[in-house]
Amino acid sequence: MTGISEYKHLFPIDSIQKVYDLFKQQLQSDKEPDLALFSIVVGAVENNLTNAKNTTGEKDAGVSGGKFVHAQFPRVEWAEVAALHERFVALMRSGVDAKLLSGNYASRDLVKRVADIVWNSLTRSYYKDRAHLQSIYSFLSGNKLDCFGVAFAVTAGCQVLGKQDVHLALSEDHAWVVFGEEGTDTAEVTWHGKGNEDKRGRSVGEGVSARSWLYVAGAPVVCSRVMELAALVSSINPTLTATTDVHEVALMQHRLLWLLYDYGHLDTYPMALGNLGDLHEYMLPANGIMEYEGEELITKTLNGEPRPDSAVLYAQAIRASRTHYGDRHVYPYTFQGGYYHRHKMYKEAFHAWACAGDVIRHYNYSRDDEEIYKEFAEIANELIPQLMKAESSGHSARSILKDPECFAALLRFYDGICKWEEGSQTPILHIGWAKPLVSTISKFDADVRAQVHIICNPDMDSNSAPSTPAPTQPVDDAPDPSPVLPELSVHEQLTAAANSRPRVTLHSHKMAALRPLLLAERLNTHALQLQLTAQSQLQRPSPADSAPTPANANARAKRARRDR
């Protein structure tokens with residue numbers, strides 16, 4: 001780790017451009033980034049911009065809707081940043097016994113000790129759902145950190161102590177560290193869940209928890225140093241209130257993510273690509289022109305090429321998940337499904353959500369999976385019923401409701417949720433899920449349902465490698481080692497396959513048992529609800545399934561949804 005004085009000439013930081021220049025200088029350097037420095041600067045800017053005292057009146061956002069406010073950009077002085085950085089370094093060095101620093105690589109005891117230093121400096125409160133607490137600035141100025149912030153601070157602390165083998169590991173809703181000569185040792189350094197259990201120092205994802213979505217089946221994003229900067233940027237939160245964002249924070253995050261994208265540092269980071277896709281749509285005004293600070297138009301990459309749109313970014317996130325993480329990440333598909341839904345591309349949305357169901361079926365539901373549970377609950381119990389209601393009336397009544405491919409996609413989506421329930425300790429499909437599901441299915445006529453070829457294979461190993469995508473899946477999301485994007489649009493590809501009879505394989509026992517009811521000429525909605533809400537014959541994980549994950553389960557390669 002180099003000294004930080006080489007960045008002094010960029011201060012004071014008093015504009016988005018100055019923050020951009022700070023990151024760009026680092027990305028053009030062959031020196032390792034100082035994580036604490038960048039986290040202090042970004043945190044100082046975000047925390048000041050999201051102070052309600054510094055904001056102006058609300059305005060409508062662009063094509064994505066919502067509200068935003070403007071804020072006066074703060075003036076971050078070098079002396080303030082240098083003093084906070086010195087405090088962080090002193091805290092780490094004074095709190096660690098020299099014996100723990102021996103050897104070329106970090107030990108579990110050292111990682112736990114650094115985590116304890118961070119943990120014991122925090123106020124005695126629980127901050128999981130509070131915004132703007134993910135930076136070392138928040139840690140040093142208010143003794144507050146969220147779950148991600150603790151893991152990032154531990155990684156930065158180990159960097160201060162000269163342990164370059166300690167890196168941040170990210171699932172879609174949790175963070176920990178990897179360390180050791182091969183980078184395969186894992187350690188919990190923060191909390192997760194309402195119990196606020198102390199798991200610091202333990203290996204990650206042991207036993208039953210290894211099968212939960214929280215640990216993405218040993219396929220987290222394991223960061224390099226520059227990817228840790230990307231994680232810092234991806235964790236920026238523009239939220240002021242539940243319905244209002246601060247425009248300048250979103251703008252800063254947008255520019256920094258594009259910068260990291262241009263340098264190739266998001267290529268293996270599905271969550272950051274999804275966040276960029278959402279931000280890109282959010283920042284796009286109705287006239288389609290992005291304006292920065294009243295004058296600079298950012299429409300091209302550093303290489304002079306046109307920037308990809310949000311749809312392309314979501315497809316890249318999906319490709320990254322499939323190429324690098326065994327297609328075990330759910331959010332790339334829900335990002336894409338949300339985009340299609342907002343643009344009233346309902347058939348495409350169904351297919352994206354079906355793919356999300358295909359991924360979640362590889363896991364066992366856990367109470368720690370609260371965030372993804374809420375995501376699926378919103379899709380199943382709000383978004384799908386709303387669009388089905390709209391599509392079943394008036395001129396639209398002959399659209400998706402007459403399309404067997406849409407029916408097949410819905411079966412895949414619900415099948416994934418039912419399979420997720422199997423083997424778990426807690427049921428999912430209570431009556432609040434069953435009623436919208438049955439209502440949705442009942443809107444498809446018998447002749448449409450009869451066109452779907454349903455195969456039941458509930459005994460298939462759900463933890464095997466991902467199978468070839470079903471024919472009902474949009475071809476533009478198919479695994480492709482080539483970086484070249486398909487030339488045909490999603491709509492053109494779906495239209496080309498319209499004449500083939502859709503086929504879907506059901507993997508859950510619940511959905512397989514429903515097959516005769518699903519294909520009956522007259523739907524027995526009462527029977528459907530009873531079977532869906534019945535206590536499942538849930539198969540408990542076998543002793544073999546509960547064994548700890550292999551030591552190299554997290555080895556590759558090389559997260560976290562913005563809380564909006």
Side-chain angles (χ1 to χ4, degrees), residues 169-176 186 188 192-193 203-221 270-271 274 317-318 321-322 324-335 337 352-380 412-429 433 457-467 469 505-512 536-550 553-554 556 559-561:
L170 302 163
S171 71
E172 297 187 287
D173 192 40
H174 192 37
W176 57 93
T186 65
E188 294 273 17
H192 191 284
S203 294
V204 164
E206 295 180 343
V208 174
S209 63
R211 299 176 65 112
S212 74
W213 166 80
L214 189 65
Y215 294 102
V216 289
V221 174
M271 183 66 73
I318 289 169
S321 176
R322 291 181 168 183
H324 302 285
Y325 308 110
D327 201 19
R328 290 300 190 260
H329 292 208
V330 180
Y331 279 139
Y333 296 109
T334 59
F335 273 126
W353 292 332
C355 293
D358 286 342
V359 175
I360 202 64
R361 69 178 171 84
H362 294 283
Y363 299 111
N364 292 140
Y365 173 60
S366 160
R367 290 193 182 277
D368 283 339
D369 297 343
E370 176 186 8
E371 290 303 314
I372 201 64
Y373 175 92
K374 290 189 293 187
E375 189 88 8
F376 277 109
E378 180 185 22
I379 294 168
R412 281 174 53 210
F413 172 72
Y414 292 126
D415 180 62
I417 294 172
C418 290
K419 187 65 178 176
W420 184 31
E421 184 184 58
E422 287 184 19
S424 67
Q425 301 296 319
T426 308
I428 296 174
L429 292 167
W433 287 75
N457 194 0
D459 296 320
M460 177 178 289
D461 179 13
S462 65
N463 291 292
S464 60
S467 58
T505 299
L506 301 180
H507 299 272
S508 70
H509 289 82
K510 269 191 176 180
M511 289 298 290
S536 303
Q537 301 300 312
L538 303 182
Q539 299 176 342
R540 305 300 179 197
S542 66
D545 293 332
S546 301
T549 14
N554 294 318
R556 182 339 196 177
R559 191 192 141 102
R561 180 158 200 159

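We're numbering straight along the sequence, starting at 1.
Judged by distance alone, the side chain of H507 and the main-chain N or O of H362 form no donor-acceptor pair under 3.5 Å. At least one donor-acceptor pair closer than 3.5 Å links the side chain of N364 to the backbone N or O of E422. Side-chain atoms of S424 come within 3.5 Å of backbone N or O of E421 as a donor-acceptor pair. Side-chain atoms of T186 come within 3.5 Å of backbone atoms of V204 as a donor-acceptor pair (strictly under, hydrogens ignored). The main-chain N or O of V330 is found under 3.5 Å from a side-chain atom of E172 such that the two form a donor-acceptor pair. In this structure, the side chain of D369 engages the main chain of L214 through a donor-acceptor pair within 3.5 Å.
Contact detail for D173 and D368: the closest heavy-atom pair is OD2-O, 4.5 Å. Closest of all the heavy-atom pairs between P332 and P270 is CG-CB, 3.8 Å. Of all non-hydrogen atoms in E188 and S203, the two that sit nearest each other are CG-O, 4.3 Å. Summarising the geometry of Y365 relative to P427, their closest heavy-atom pair is CE2-O, 4.3 Å, with the distance given to 0.1 Å. Residues L506 and M511 come closest through the heavy atom pair CD1-O, 3.4 Å. When all heavy atoms are compared, the tightest approach of Y331 to I372 is CE2-CD1, 3.7 Å.
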- request: Any chance you could lay out the side chain to side chain contact (heavy atoms under 4.5 Å, CB included) test for R361 and C418, step after step, and finish with the verdict?
  value: CA-CA 8 Å; R361 69 178 171 84; C418 290; over 6 Å; no
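Listed by chain and number, the residues in a ring-ring contact (aromatic ring centres under 6.0 Å, His included) with F376 are F413, W420 (sequence neighbours excluded).
Between the side chains of D327 and Y333, at least one donor N or O lies within less than 3.5 Å of an accepting N or O. E371 and H174 share no donor-acceptor pair across their side chains, judged by distance under 3.5 Å alone.
Taken from CG in L429 to CD1 in I417, the straight-line distance is 7.0 Å, to the nearest 0.5 Å. In this structure, NE2 in H329 is found 12.5 Å from CZ in F335, a value given to the nearest 0.5 Å. Taking OG1 of T426 as the reference point, atom CZ of R367 lies at 4.0 Å (rounded to 0.5 Å). Between the OG atom in S171 and the CH2 atom in W213 there is a gap of 6.5 Å [rounded to 0.5 Å].
A 4.5 Å side-chain heavy-atom check between W433 and Y414 finds every atom pair outside the cut-off.
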